[in-house]
Protein chains: 2
Amino acid sequence: MNNGQIQTGKGKEVILMSTIDRRKMILAAATQSFAQFGYKATTMELVAKIANVGKGTTYTFFRTKEELFDEILRKALQEMKEVCERAIKREDTFDQNLIRVLDALLEFRADHELFVKLAQEVRDIGTVQALEGIKRLENLVLEYMRQEIEAAIEKGEIKPCDSRVISFMLLKFYIALTTEWSQTHEPLNKEQIKQYMQLLLSEGLLAKPN
Amino acid sequence: MNNGQIQTGKGKEVILMSTIDRRKMILAAATQSFAQFGYKATTMELVAKIANVGKGTTYTFFRTKEELFDEILRKALQEMKEVCERAIKREDTFDQNLIRVLDALLEFRADHELFVKLAQEVRDIGTVQALEGIKRLENLVLEYMRQEIEAAIEKGEIKPCDSRVISFMLLKFYIALTTEWSQTHEPLNKEQIKQYMQLLLSEGLLAKPN
DNA sequence: ATAATGACCAAATGAACAATACGGTCAATT
DNA sequence: AATTGACCGTATTGTTCATTTGGTCATTAT
């Protein structure tokens with residue numbers, strides 16, 4: 001391999017990238033393009049152009065467009081999971097952890113944009129691969145939340161309940177507050193989103209008689 | 001006018017409808033057709049045929065197809081509002097009333113194919129008039145809920161909050177429980193739905209023990 | 001005279017076809 | 001051995017044109 005070598009060709013100095021760097025370039029280009037244009041509008045030729053490689057080169061690293069998409073999706077999902085795990089402090093209360101995870105996710109814009117774009121693509125033109133991606137995200141989130149809720153029940157922090165239903169509803173709330181509300185109204189800011197989440201999840205709407 | 005007269009023409013007995021009856025016939029025909037075929041697939045010629053009138057006649061009562069649709073929509077929305085109002089018992093608590101209203105709405109929707117059909121049309125082909133109709137339905141429901149929430153805040157039954165956001169979230173929650181959950185899981189029964197609703201209102205979804 | 005009607009018109013729609021763009025391959029090139 | 005862009009078959013998009021549809025109005029029926 002010619003990793004990092006500098007060679008002279010036809011009077012021009014050319015810096016050859018290592019195959020590893022090339023792979024990274026392609027991944028970065030595709031990541032950007034998928035997040036910006038969605039699955040369908042991202043063409044392999046465009047990815048190659050952004051990455052400054054020939055179209056054929058992308059196919060030496062990724063057998064198909066779907067495989068390339070899959071790797072990017074995996075990375076994004078992995079990253080999100082890590083963000084969640086970093087936000088959780090085992091010694092803290094469930095409530096506090098929940099808010100911190102929420103906060104971390106709201107703050108973590110990078111991967112968010114990919115998923116927002118994919119969700120939009122599903123609504124607008126119903127691309128199957130975009131739908132696939134959204135479903136994988138939802139399943140991951142649901143399963144993660146379900147486990148956390150189960151653990152909290154075990155520890156006696158919250159009342160016993162069907163953790164599948166509750167995690168499902170939690171996700172619906174999050175989506176409603178962060179994206180659905182914005183489609184017909186002024187978007188809510190992070191602080192408001194957190195407040196409403198807390199109100200609906202751990203306080204209830206009914207006024208308590210003091 | 002020839003209201004209700006019976007006349008003899010060319011050996012055949014012909015019953016002439018009054019103009020008022022004709023209007024009703026057209027309205028009934030259109031109501032049936034919109035509910036059965038949706039906005040787009042309902043043609044003015046079909047409406048005329050079902051109503052047993054010439055196409056031109058429909059235009060003596062309704063200036064355009066949209067105007068005809070609008071009158072039918074108005075009627076249906078009005079009917080729905082009355083269903084809501086009948087569901088509310090002033091002496092009862094907010095949460096009991098809320099559940100009764102939402103239940104009544106769900107039932108109303110199930111019996112009135114028009115809205116189901118329009119929702120499907122929006123999903124399938126995105127007809128703008130069908131979307132318009134669905135939006136008017138949603139806005140009516142949201143506004144109705146919003147007023148009830150405002151009143152409940154006034155009475156001190158629930159905590160002060162932005163009634164627009166809360167009505168939005170309550171409706172989302174109800175839809176998630178009744179229809180979205182069923183798309184991937186066993187449907188929840190009425191009792192379960194009521195319990196989750198009460199949990200959300202009184203303690204929050206993630207209630208603490210005791 | 002008035003109400004009703006269907007032939008008629010322009011605009012919208014959709015089917016059929018042509019042109020383009022795309023994912024993926026591979027012989028030529030470096 | 002790695003890279004590349006011309007190339008291929010197919011999927012998508014643009015275009016054309018016949019049909020349909022919302023809406024009008026001269027004619028008909030009463």
Side-chain angles (χ1 to χ4, degrees), chain A residues 1-23 25-26 30 33-34 37-70 121 124-129, chain B residues 1-26 29-30 33-34 37-70 121 124-129:
Chain A
M1 292 212 223
N2 291 325
N3 294 7
Q5 283 183 13
I6 297 177
Q7 300 205 342
T8 306
K10 295 188 179 177
K12 266 200 279 184
E13 286 220 333
V14 179
I15 298 173
L16 295 182
M17 307 272 182
S18 72
T19 58
I20 289 167
D21 282 346
R22 281 178 178 276
R23 193 175 198 283
M25 296 277 289
I26 293 166
S33 184
F34 281 130
F37 307 117
Y39 181 85
K40 196 179 176 195
T42 291
T43 71
M44 292 302 267
E45 210 156 3
L46 178 63
V47 169
K49 186 158 276 178
I50 296 174
N52 273 314
V53 298
K55 187 160 72 142
T57 309
T58 57
Y59 282 91
T60 65
F61 296 108
F62 305 95
R63 297 220 314 272
T64 66
K65 182 182 180 182
E66 296 208 35
E67 202 167 278
L68 174 59
F69 183 59
D70 185 73
E121 189 173 346
D124 293 351
I125 53 175
T127 315
V128 297
Q129 289 87 351
Chain B
M1 294 212 226
N2 292 324
N3 296 7
Q5 283 185 13
I6 297 178
Q7 301 207 341
T8 307
K10 295 184 178 179
K12 265 200 279 184
E13 286 222 332
V14 179
I15 298 172
L16 293 183
M17 309 274 181
S18 73
T19 58
I20 290 167
D21 282 346
R22 281 177 179 280
R23 193 176 197 281
K24 274 188 185 154
M25 295 278 289
I26 292 166
S33 184
F34 281 131
F37 306 116
Y39 181 85
K40 197 181 176 194
T42 290
T43 69
M44 292 301 266
E45 207 154 5
L46 179 63
V47 170
K49 185 159 277 178
I50 297 175
N52 273 314
V53 297
K55 185 160 73 142
T57 309
T58 58
Y59 283 91
T60 65
F61 296 107
F62 305 94
R63 300 220 312 272
T64 66
K65 183 182 179 182
E66 295 208 34
E67 200 168 279
L68 174 58
F69 183 58
D70 185 72
E121 189 173 348
D124 293 351
I125 53 175
T127 314
V128 298
Q129 289 87 351

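As a basis for the values below, the full set of heavy atoms in this structure was taken, side chains included, without hydrogen atoms, waters or symmetry mates.
- Rounded to whole Å, the distance from NZ on Lys49(B) to C1' on dT5(C) is 14 Å.
- The closest donor-acceptor contact from the side chain of Glu121(A) to the backbone of Lys40(A) lies under 3.5 Å.
- In this structure, the CD1 atom of Ile125(A) is 13 Å from the C1' atom of dT13(D), given to the nearest Å.
- Ring orientation note: the planes of Phe69(A) and Tyr39(A) are nearly perpendicular, at an angle over 60° on the 30°/60° scale.
- To the nearest angstrom, C1' of dT25(C) lies 17 Å from CZ of Phe61(A).
- Within the structure, the side chain to side chain donor-acceptor pair (under 3.5 Å) test picks out no pair touching residues 46-58 of chain A (sequence neighbours left out).
- Legend: residues meeting salt bridge (Lys or Arg N to Asp or Glu O under 4.0 Å) with Asp124(B), ordered by chain and number and at least two apart, are absent.
- In this structure, the CD1 atom of Ile26(A) is 12 Å from the C1' atom of dT4(D), given to the nearest Å.
- When side chains are defined from C-beta on, Thr60(A) does not count as touching Arg22(A), because their heavy atoms never get closer than 4.5 Å.
- Scanning for side-chain hydrogen bond (donor to acceptor under 3.5 Å, both in side chains) contacts around Glu45(B) gives an empty result, with sequence neighbours left out.
- The salt bridge (charged side-chain N to carboxylate O under 4.0 Å, His left out) pairs that include a residue from residues 57-70 of chain B are Arg63(B)-Glu67(B), Asp70(B)-Arg74(B), Asp70(B)-Arg136(B), where partners are two or more places apart or lie in different chains.
- The CZ-C1' distance, from Arg23(B) to dA4(C), rounds to 17 Å in whole Å.
- In this structure, Phe62(A) atom CZ and dT25(C) atom P are separated by 15 Å, rounded to whole Å.
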*For every nucleotide of nucleotides 21-26 of chain D, 5' to 3': is a protein heavy atom under 4.0 Å from its base (B), only from its sugar-phosphate (S), or from neither (-)?*
SBBB--
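- Each end of the helix from dA1(C)-dT30(D) to dT30(C)-dA1(D) yields a helix axis from five base pairs, and these two axes differ in direction by 10° (to the nearest 10 degrees).
- Between Arg22(A) and the phosphate of dA2(D), there is no side-chain N or O to OP1/OP2 separation shorter than 4.0 Å.
- In this structure, Ser33(A) contributes its side chain and Thr42(A) its backbone to no donor-acceptor pair below 3.5 Å.
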